[in-house]
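For reference, the structure discussed in these notes is given below.
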Amino acid sequence: MRSLVASIALAVVLAGCGTATSSAPSPTASNWSQVLAEAKGQTVNWWLYGGDAATNAFVEDYVAPAAAKLGVTVKRVPVSDTVDAVDRVVAERRAGETSGGAVDLIWINGENFVEGKEAGLWLRNWAQKLPNSRYVDWSSPIINRDFQVPVEGQESPWQGAAFIYGYDSAAVASPPRSFPALLAWAKAHPGRFTYPAPPDFTGAAFVRQVIQRLGGVAKGLRFLRELKPYQFEGGTQFPTSIDELDQLFANGQVDFDMSYNASFLNLGVKKGEFPPTVRPFLIGGALENTSYVTIPADAAHVAGAEVVANLLLDPRLQAKMADPAVLGTPSVLDPARLPAARAAALRGAASRSPYLLTDLGRPLGELPATRDVPIEEAWKREVLR
Amino acid sequence: MRSAAATARGATRRVPPDLLRLAPALLVTTLLFGGALLGALKQSVEPPLGGGPSTWSLASWRAVFADPTFLDALWFSIRLAVISSLAAALIALVLATLLRSRGPALKTTFSLPVTVPHLIVAVLAVAWLAPGGIAERALGSLPIGVVHAQSGLGIVLVYVYKETPFLVLLLLSVMGRTLRRREEASAVLGASPSQVLRWVVWPAVRRPLAVGSMIVGAFVLGAFEVPLVLGPNYPPTLATYAYQATQTSPLSGQGKAAASLLVAAAAAIALGLAALALARTEDG
Amino acid sequence: MVERRLPRTVGTVAVLLFAAPLAVLVVQAFAEVWRYPALLPQRWGLRGFEVAFEGDQALQATLDSFEVALISTAAAILLAWPAARALARGPARLRTAAIVFLALPLLVPPLATGTGLAEWFIRLGLADTRVGVALAHLTVVLPYVLLVLIPGFNPRLRELEEMAASLGMGPVRRLVSVTLPGIRAVLAAAALLGFLVSWSQYGSSLAVGGGLPMLPLTLLPFVGSDPNVAAALSLLFLAPAVLALLLASRAAREAL
Amino acid sequence: MEARSAPLGGLGCRGLVAAPGGSPVLRGVDLDVPAGTRTVLVGPSGAGKTTLLRAICGLQAIEAGSIELGGRRIDRLPAYRRRCAVVFQEPRLLPHLDVGENVAFALRAAGARRAERRARARALLTEVGLDGFERRAADRLSGGEQQRVSLARALCAEPDILLLDEPISAVDANRREELRELIARLQGERGLTTLFVTHDRAEAAQMGERVALMLEGRIVQEDEPAALFQRPASPVVARFFGSANVLRGQVRDGRMSLGGVEVPVPGPDGEACVTIRPERVRLDPAGPLELRVGEAAYTGTWVRLRLRGEGLGLEAMVPPSQAPAAGELVGVALPLEEIWRIPDFEAVPEEGRRAGVRPRGGS
């Protein structure tokens with residue numbers, strides 16, 4: 001299985017080089033001012049997950065006002081799943097629409113992006129033309145590939161995501177920092193650990209991390225089988241969603257929680273869901289990926305959408321986003337490309353909160369999206385039953 | 001007597017004015033409903049956008065029926081529909097019998113849940129019955145899981161809570177004075193209470209009960225937002241299967257989604273017509 | 001004796017069925033911190049409402065939902081009125097066939113109807129418009145309204161209308177002073193039901209009106225992730241339903 | 001009139017009190033229907049007739065009193081054990097059964113086989129004049145036909161008593177006579193103990209072997225029909241049976257002054273009340289009374305005259321051929337043998353008592 005990791009790493013590196021060499025020409029000033037002029041007066045329908053109060057507030061309180069200064073109105077269209085937005089774009093394509101679409105911008109990544117890209121649903125070759133994309137390290141495999149699929153300028157990053165864990169420092173002195181340690185810990189404290197059953201997004205990510213860390217599907221699943229009897233309810237029941245695991249953790253019924261949102265403890269404490277004594281930790285290196293925005297090819301307000309996507313990369317807005325008081329999610333900007341002061345602000349953001357990790361360690365790239373389903377099937381077969 | 005008179009009156013009138021009156025409703029229903037079915041059908045046989053076969057085919061239908069998850073979803077949905085409608089019908093029958101001689105205040109009170117949207121009932125179920133919910137806080141622990149229960153108990157509870165009052169109202173509308181009079185007439189002719197129930201009350205209520213339960217069953221077959229909130233991770237209901245099909249694969253999933261929704265529609269219609277036919281033949 | 005005991009029974013039942021479940025909603029809507037295993041929140045506050053009303057999203061959704069429900073209910077009544085008149089009599093076989101056909105959409109999953117209509121509505125420019133969503137809702141609102149209205153046009157009402165006609169009343173006066181008063185309770189029930197059905201639609205709203213996020217679409221994402229906000233939105237979602245119920249039951253009582 | 005004794009096999013009600021919906025409707029009802037006879041219970045709307053009938057057959061709980069039927073106490077039995085068959089005002093047929101099964105319903109309740117039910121139903125339908133109707137749908141018949149089915153259904157039960165609650169009222173006017181005759185004939189042939197409720201005094205006179213008048217929750221008089229018409233026990237009875245001529249006065253030396261004419265009145269001296277039926281008032285130019293015709297109304301068979309004189313108002317029914325015009329002065333003779341002294345004129349005040357009793361139920 002080491003070979004798998006190696007091949008992934010190789011692929012990542014190669015892809016990074018590829019993107020770097022074929023990188024689109026930087027946008028000319030005249031070009032962008034034209035976009036700005038066109039965007040003026042447009043209302044951008046941004047379809048994004050609507051169940052996170054902090055993200056909604058960030059959009060309403062920072063993105064929308066900033067866009068308004070440029071004459072662009074941001075209309076947040078809340079969805080319960082990104083696929084609702086993709087479904088709409090697909091339906092428009094079926095109906096033969098090539099312009100005037102209802103979706104201008106989608107918060108997207110992974111499978112949804114990949115399939116849409118294959119079907120040619122997204123606007124091509126725009127992301128790297130955004131003026132603020134110069135702050136982004138497009139050579140990074142976490143940025144230029146989305147679940148191993150080259151982004152190719154069809155989506156623009158806006159949030160970093162890292163898979164982290166949480167514990168309550170009032171209940172647990174020192175959490176396990178590796179999977180073998182986790183197993184040992186579970187054996188010593190039966191019934192105090194569990195994870196959501198795939199296909200829940202977080203549960204599936206946990207399984208992928210185990211597989212990656214332990215060097216292969218077979219080894220990963222063997223580990224999970226061994227872990228199972230020491231889980232919550234003896235492993236006979238899994239939480240069916242991350243919400244349920246959050247609830248168990250908040251209730252003190254299990255000792256650890258997990259999330260692909262690096263700021264989930266921060267936000268949970270703000271919501272009143274978690275006690276202030278919770279702390280983040282990593283088990284092995286964190287899985288990392290990136291949240292992007294994409295523009296459908298038939299979007300009615302392409303210019304406006306580009307302006308908003310560009311704003312999302314604005315160092316000031318990124319600093320707000322990284323600010324634990326606002327969102328606390330990792331920035332997608334490369335500090336090395338920023339003026340020193342701004343870079344420091346971004347770097348320092350995480351250290352201002354006990355609920356955020358300053359060092360995510362060496363990132364673990366995601367597996368190709370196409371492998372999700374087979375892994376889930378294998379997990380169901382070999383662990384759940 | 002009344003219906004005989006109505007028929008006689010109808011027969012003496014010419015038909016065209018009535019057809020004219022029906023035409024707008026028929027036209028709109030044909031356009032909207034027919035259009036919807038046609039649209040779903042088209043989507044289920046169209047080539048997917050993302051590649052694969054580029055001509056119309058039954059690939060989605062084949063894929064759906066070859067998918068064990070779909071078969072589980074179909075079975076799960078039917079089971080939930082049957083259990084929910086039977087439970088609702090039974091409770092409604094008992095409630096209606098108890099309520100029929102009571103005042104309008106009590107009847108109105110019992111019909112209150114009719115006004116609560118399904119989604120809110122689901123929210124309530126979560127607040128009360130989820131792990132860490134009120135019930136668990138008050139009682140320490142719950143003997144059975146409800147929210148996300150594998151059995152689908154949460155879904156059943158929501159539909160029973162929400163639809164039973166609807167059935168009660170339906171039943172009370174036929175359990176009025178006319179029925180009471182027939183019951184009296186039968187009692188003085190020597191029919192015991194159980195005979196009255198079997199021969200007088202039951203024949204009067206079974207048709208609305210069948211029609212009502214069939215609507216409840218159809219609701220459950222098409223259940224979407226409630227299982228999304230309360231259903232188990234597996235199996236999905238038919239509607240959530242359709243949703244998950246596009247979640248897993250936004251493009252190739254569309255045909256499967258349409259196909260599974262059409263199966264749900266067909267099952268619901270079949271169930272409905274069967275219930276109607278059953279109610280009719282029992283009359284004979 | 002029975003009458004004196006009744007109010008308490010009514011109260012108990014109302015509490016058990018309606019008030020108690022909803023009370024939790026109220027508590028949760030104002031509960032900023034409500035950690036297990038406390039029975040009452042540790043901290044009260046308006047966070048739920050503040051988040052819910054962030055950027056006028058919920059307010060707009062409420063207005064949209066309301067307008068859509070009004071449009072679809074009004075359209076359903078306009079279409080169902082003559083149809084119910086025709087279906088209240090006439091040859092039995094034709095009547096049954098027509099009712100079964102018109103009621104079929106009730107049985108079909110709203111998500112199916114919505115999904116099937118989405119493509120056409122996009123072509124026609126109806127998707128994400130209030131009229132478009134109201135039309136999609138009409139598919140199910142119409143049969144409900146129709147089924148409630150049919151018994152309203154009973155022979156007794158017809159006799160009264162004939163009486164009025166024989167007294168020289170014109171069609172308009174007859175409608176206003178005989179038909180409407182005679183059918184008021186049934187009409188109120190039909191309108192209420194129609195409104196509530198439209199108001200609660202999720203599946204069809206999602207499919208043809210995802211870009212016009214109405215209340216259920218705004219509420220659902222919060223249900224698992226943020227009970228506080230979900231409760232606040234639920235109260236909003238419930239309010240017009242309760243209001244409509246009160247109005248309709250008053251109209252019905254007056255008609256009696 | 002007679003000493004009360006529980007009739008052997010018939011119906012005997014004693015002191016029935018019932019208050020449907022909380023207010024008293026039956027206020028101590030005594031009523032006998034001797035076995036095999038037909039009694040008509042007559043009274044105005046709201047008198048409690050239907051309530052009494054429902055109390056007898058067990059559809060209305062009683063608060064006091066007893067009911068005996070066929071030699072057994074039945075007031076504690078549930079309705080279905082009382083062996084009372086009722087023909088209601090409206091037919092109350094079961095719409096999901098055909099006519100034959102409706103007729104044989106009591107047999108079905110008793111567990112009879114289908115063939116037997118069919119045979120009995122066919123025979124009974126023939127008797128009520130609905131030959132060959134047994135396969136028809138019950139709700140496709142006319143009102144009169146339905147009521148015949150209802151009658152056959154009641155007969156099929158072979159009850160200890162047949163109760164009929166205004167069975168004719170929902171039937172076409174020109175079919176009523178037929179139905180009355182049918183009921184009378186079938187009852188007579190079977191010797192069925194029968195209680196027939198009506199608000200129509202003519203129908204009561206025609207249908208009753210005996211007639212019981214019910215007012216405000218009590219039986220106020222029970223007798224042969226002619227006796228109720230000619231010898232009312234109280235002014236209210238007299239008025240109910242159509243006599244407006246209730247005349248008050250003082251009896252001195254066995255005589256009473258009516259409009260200045262002394263007429264002999266039997267019984268003791270003192271305050272008295274006499275009545276004479278309007279159709280017995282004779283127009284006679286040589287009559288002792290001279291009265292003015294206030295109003296003359298043609299009623300189909302008679303002309304009703306309102307006659308007015310010095311301190312005396314009378315109503316008279318005369319054949320049209322003899323009718324004077326309004327305003328004429330006519331001579332009137334009162335046949336002395338037709339003057340009836342009302343024995344109990346203080347018992348029920350003439351008017352006003354009814355104000356407290358609202359019509360109730362469908363009687």
Side-chain angles (χ1 to χ4, degrees), chain B residues 2 5-7 9-11 18 21-22 24-26 28-29 32-33 35-40 43 102-103 105-106 108-110 112-113 115-120 122-124 126-128 132 134 137-138 215 218 221-222 224-225 228-229 238-239 242 257-258 261-262 264-265 268-269 272 276, chain C residues 6 9-10 13-14 17-18 21 24-25 28 36-39 79-80 82-83 85-86 89-92 98 101-102 104-113 115-120 135 138-139 142 146 155 196 199-200 202-203 216 219-220 223-224 227 230-231 234 237-238 241-242 245 249:
Chain B
R2 180 166 296 160
T7 314
R9 204 177 292 133
D18 273 357
R21 289 195 169 105
L22 269 174
L26 288 177
V28 167
T29 301
L32 284 175
F33 182 59
L37 288 188
L38 210 67
Q43 190 172 318
R102 300 311 179 92
L106 203 62
T108 311
T109 306
F110 265 96
L112 284 180
T115 62
V116 185
H118 280 112
L119 191 51
I120 291 202
V123 172
L124 287 177
V126 169
W128 275 90
I134 301 294
R137 289 171 196 239
I215 291 178
L221 271 177
F224 178 50
E225 64 267 37
L228 222 49
V229 175
L238 285 171
L261 285 173
L262 282 172
I269 291 176
L276 206 65
Chain C
L6 215 55
T9 323
V10 173
V13 171
L17 275 179
F18 204 62
V24 172
L25 220 52
Q28 201 153 48
Y36 186 82
L39 262 179
L79 290 168
R85 258 195 118 85
R89 60 203 166 116
F101 175 73
L102 289 170
L104 271 187
L106 276 189
L107 304 176
V108 170
L111 187 64
T113 323
T115 307
L117 285 177
E119 190 182 320
W120 310 129
L135 272 178
L138 188 59
T139 321
L142 176 59
L146 183 71
L196 290 175
W199 182 257
S200 321
Y202 183 89
L219 166 63
L220 188 69
V223 170
S234 292
F237 194 20
L238 195 60
V242 172
L245 174 78
S249 69

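No hydrogens, no waters, no symmetry mates; every other heavy atom, side chains included, goes into these values. None of these values were measured; they are calculated from a predicted model. Here is the naming used below: chain letters follow the sequence lines, and residue numbers restart at 1 for every chain.
In this structure, the portion of Leu119(B) lying under 4.5 Å from any heavy atom of chain C is its side chain and not its backbone. With a 4.5 Å cut-off on non-hydrogen atoms, Leu228(B) touches chain C through its side chain but not through its backbone.
Ranked by heavy-atom pairs shorter than 4.5 Å toward chain B, the options Leu107(C), Thr113(C), Leu106(C), Leu79(C) are led by Leu107(C). Listed options Ala258(B), Pro24(B), Gly35(B), Pro113(B) were ranked by heavy-atom pairs under 4.5 angstrom with chain C; first place goes to Gly35(B). By number of non-hydrogen pairs under 4.5 angstrom with chain B, the leading residue of Leu138(C), Thr139(C), Leu146(C) is Thr139(C). When the candidates Pro227(C), Gly203(C), Pro105(C) are compared by the number of heavy-atom contacts under 4.5 Å with chain B, Pro105(C) comes out ahead. The candidate with the highest count of non-hydrogen atom pairs below 4.5 Å against chain C, out of Ala257(B), Ala36(B), Ala218(B), is Ala36(B). Interface check for chain C: of the options Ile134(B), Leu37(B), Val126(B), Leu221(B), the most heavy-atom pairs under 4.5 Å are formed by Ile134(B).
Listed by chain and residue number, Lys42(B), Arg123(C) satisfy the salt bridge (charged side-chain N to carboxylate O under 4.0 Å, His left out) test with Glu119(C) (two or more places apart in sequence, or in another chain). Every residue two or more places apart in sequence or in another chain was checked for a ring-ring contact (aromatic ring centres under 6.0 Å, His included) with Phe33(B), and none qualifies.
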Go through it in stages, so that I can follow the logic: the residues are Leu25(C) and Ile120(B), the test is side-chain contact (heavy atoms from CB on, under 4.5 Å), and I'd like the CA-CA distance, side-chain angles, deciding distance and then a yes or no.
CA-CA 9 Å; Leu25(C) 220 52; Ile120(B) 291 202; 4.1 Å; yes
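Residues Ala25(B) and Leu142(C) share a closest heavy-atom pair of O-CD2, 4.1 Å. In plain terms, the two heavy atoms of Trp199(C) and Pro117(B) that are nearest each other are CD1-CG, 4.3 Å.
Looking only at side-chain heavy atoms (C-beta outward), Tyr202(C) and Pro110(C) stay at 4.5 Å or farther from each other.
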